Undergrad: 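Below are the structure tokens for one structure; questions will follow.
Just so it is clear, the structure is predicted and the values come from calculations on it, not from any experiment.
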Amino acid sequence: MIRVTSTLIVHRPERLLYYLPENTPEVELCIAEGICPDALKKYQYAFGTYDEVGVFYLSEALQKETGHKWVVGIEYRKDDARLDLPRELPFVILPASDMIILDVAYDYQLKQELLEEIIRYACKEKNDRTGSFQYVQGGVVSAFTVKEKLRIMYEAQRPNRKRTLSDTNYDDYTKEELYHRAYHEPITEYYNWTWMGECLDKYYLEGIKDYGFVHFDIKEFKMINELYNHGVANAVLKRVTQNMQKHSDWIYFGARCDNDNFAMMIKDMPEQETEERLRDFFDEISSLEVDASYEIFYRCGVVSMRYAMNTGDIVADCAKLAQSMGQEINTTEIHFYTNDMHENAMWGKQLKAYLDTAIRAGELLVYLQPKIDIREEKVCGTEALVRWNYKHKEMLAPYRFIPYFEADDSIIKVDEFVLHRVCGKLKEWKEKGYPLYPVSVNLSRKHMVQPFLARHLAAIVDSYGVDRALIEFEITETMAYDNPVYMIAILDDLKRRGFRISMDDFGTGYSSFALLKEMPLDTLKIDKSFVDLIVADEDTEKITIILRHIISMAKELGIDSIAEGVEEQAQVEALHGWGCETVQGYYYSKPLPIGEFEEKYLE
């Protein structure tokens, strides 16, 4: 199977290609295994080289010059006396050109015939993925093996661009052209923020009495640029503005502000009707034209008329504030501005600005809540939880700061603070000869998408000399289903490195039992909302069936189950009867400061 996984466009100047001819064992190994020939190995990654050693399919002109159709070689820039060139090898000059880059995944042993087939397939894909760029028939094509994928580069050209103000004298433009350029942006040829600003100032001159204001962006827009290219991404921007024009019955004015941000002045409508119209609007532009399987999601803030009239020229800031509330993944979100948002946003900004100072001042604390083996009623592990002694004056509950940090990468600092603190204590307990139990630490959604995560976390733990098996990373159930393929890959990596993996809050999300068997889980944590129903729900029989099924299923999959939020003896007895052997909750202990935990369970 052949799959084009990403697309990029770069410009390459005129350059030198030093090469080995085709039909040699080294060339075949370079194609099949990505093994660099010995004659070129010492030059790979040298100063002044482009890319790595690769396979080059030469243009017709270069084939006549060299007598070869295929060569293995490495590119150098021209006219630089500092370069250490492989002068013992022949070379040709490659012309300056734009190059389309395609990353291609393949499931076969790579041979020259297959390489030719892949290149033909990649070039066939070009028109859908490269926007305004056009493939140069008979141009140079190069291929490089990069991390089990094939990177193909081929010559391309773009149609003539429209002139810009820097291309000629102002006198060459009419007043209409200059006016157009002042109030339109060049990619979509639609109105810009300058135009929208004047609309906000003078809307009444158009007979508009009341309006709502909308500001939105495209989630993960940069991924479209990275996976396809700027041409495809620009086509998305154009579709958005075209859709604005299509709905002129309720969209008074629209504009592309910058990047993937847009603004609209809309008809003032009841909140429910506004949301319904906006959802229909976004649904119409929720996929790529070149790839219908790629879903597009939006983050939208709305300021209704009563707030728009009162906020005046800061209405856009209010809409952006509402927009910033959208932090979910893989869904379109519409948030309406309220006065509380401003206060909450200011509180969140204050906390984020103060976080580093708080960590240095020792205000962030780690509490430990024991996990109890109910067969012997002995501690068998613990969960690390963060608390904040804000300015050493007020103990903040997690709900007062965690959600603000989860909105951006600030939560990563908290995650890693807890991990460092836990590793430090485990090292200390080992030196004191205390019994050691696995400690659960949370991994946030933002943390999970960081590059080289498993390697980074392993380095932290190893720096303390702590056994990796004593660290159990917890993810929430909803995180697991955001992008299951990616999530499983990360969890597999952590598991291979010796860490334990736990899924928290099971039962609150999709609860896909089929997916559980694919995840390398050690522990499944049954959410407190289920545990609460053991004694509170009238339909106890149904709750019994559900919980027994979860516990039984976990055992069959080789996964330990633990019930969290246990507060009553009746819950402990019921869970024990159903086969759950570990619990966590206030029935045994609330979360404790580390010193109290040591005194009660370790000393």
Side-chain angles (χ1 to χ4, degrees), residues 8-11 96-98 100 126-136 156-208 211-218 221-222 224-225 228-267 281 284-285 288-290 296 298 312-317 319-320:
L8 185 66
I9 296 173
V10 298
H11 179 77
S97 67
D98 291 313
I100 295 174
K126 65 189 180 300
N127 289 332
D128 286 343
R129 290 174 168 264
T130 56
S132 60
F133 283 78
Q134 299 172 353
Y135 170 59
V136 175
Q157 62 185 10
R158 73 178 91 198
N160 292 331
R161 292 180 173 178
K162 295 181 180 180
R163 64 181 185 177
T164 62
L165 287 176
S166 60
D167 293 332
T168 187
N169 191 285
Y170 293 119
D171 294 336
D172 292 342
Y173 289 85
T174 65
K175 290 182 179 179
E176 289 76 12
E177 286 179 312
L178 292 172
Y179 179 86
H180 181 85
R181 290 180 177 276
Y183 288 113
H184 294 74
E185 57 88 24
I187 292 178
T188 66
E189 293 292 333
Y190 194 57
Y191 294 113
N192 57 21
W193 177 251
T194 303
W195 166 261
M196 180 57 70
E198 295 209 11
C199 292
L200 286 169
D201 285 340
K202 303 173 182 177
Y203 65 90
Y204 52 87
L205 297 178
E206 300 295 324
I208 299 172
Y211 68 88
F213 187 81
V214 176
H215 198 279
F216 66 92
D217 68 354
I218 302 169
F221 181 70
K222 66 180 181 179
I224 300 176
N225 277 307
Y228 297 88
N229 68 25
H230 293 292
V232 174
N234 289 346
V236 173
L237 302 177
K238 292 174 184 177
R239 282 187 69 204
V240 173
T241 59
Q242 289 164 0
N243 214 35
M244 289 182 185
Q245 298 169 72
K246 173 183 171 183
H247 291 283
S248 58
D249 58 320
W250 59 277
I251 300 176
Y252 295 138
F253 307 113
R256 176 182 174 231
C257 308
D258 58 70
N259 299 323
D260 59 314
N261 288 280
F262 299 85
M264 301 189 298
M265 291 181 68
I266 66 172
K267 179 181 178 181
F281 174 86
E284 292 169 4
I285 46 176
L288 289 180
E289 289 183 308
V290 300
I296 302 174
Y298 298 85
D313 59 359
I314 64 168
V315 63
D317 294 331
K320 291 177 185 177

Undergrad: Holding to side-chain hydrogen bond (donor to acceptor under 3.5 Å, both in side chains), I want the full list of residues that pass it with Asn243, two or more places apart in sequence or in another chain.
TA: Glu284

Undergrad: Let me know which of Asp217, Val240, Asp260 forms a side-chain contact (heavy atoms from CB on, under 4.5 Å) with Tyr298.
TA: Val240

Undergrad: I need the minimum non-hydrogen distance between Asn259 and Leu237, along with the two atoms involved.
TA: O-CD2, 3.9 Å

Undergrad: With sequence neighbours left out, what residues match Tyr179 under side-chain hydrogen bond (donor to acceptor under 3.5 Å, both in side chains)?
TA: none

Undergrad: Could you pull out all residues at least two apart from Thr188 that satisfy side-chain hydrogen bond (donor to acceptor under 3.5 Å, both in side chains)?
TA: Glu185

Undergrad: Testing the basics here: between Ala255 and Tyr190, what is the closest heavy-atom pair and its distance to 0.1 Å?
TA: N-CE2, 3.7 Å

Undergrad: Mind checking what makes ring pair (Phe, Tyr, Trp, His ring centres under 6.0 Å) contact with Tyr191, not counting sequence neighbours?
TA: His184, Trp195

Undergrad: Given 3.5 Å as the limit, does a donor-acceptor pair link the side chain of Asn192 with the main chain of Thr194, or not?
TA: yes

Undergrad: Let me confirm one number: the CZ-CD distance from Arg181 to Glu189, rounded to the nearest 0.5 Å.
TA: 7.5 Å

Undergrad: For Phe216, check ring pair (Phe, Tyr, Trp, His ring centres under 6.0 Å) against everything at least two apart and list the hits.
TA: Phe262, Phe282

Undergrad: Can you tell me how far CG of Asn261 sits from CZ of Phe221, rounded to the nearest 0.5 angstrom?
TA: 10.0 Å

Undergrad: Looking only at heavy atoms, what is the nearest atom pair of Gly254 and Met244, with distance?
TA: CA-SD, 3.8 Å

Undergrad: For Lys202, which residues count as a side chain to side chain contact (heavy atoms under 4.5 Å, CB included) partner, sequence neighbours excluded?
TA: Glu198, Leu205

Undergrad: Could you tell me whether Tyr203 and Tyr211 have their ring centroids closer than 6.0 angstrom?
TA: yes

Undergrad: To the nearest 0.5 angstrom, please state how far the CZ atom of Phe253 sits from the CE atom of Met264.
TA: 13.5 Å

Undergrad: Would you indicate whether the side-chain heavy atoms of His247 and Asp249 approach each other to under 4.5 Å?
TA: yes

Undergrad: Taking side chain as C-beta onward, heavy atoms only, is Ile296 less than 4.5 Å from Ile285?
TA: no

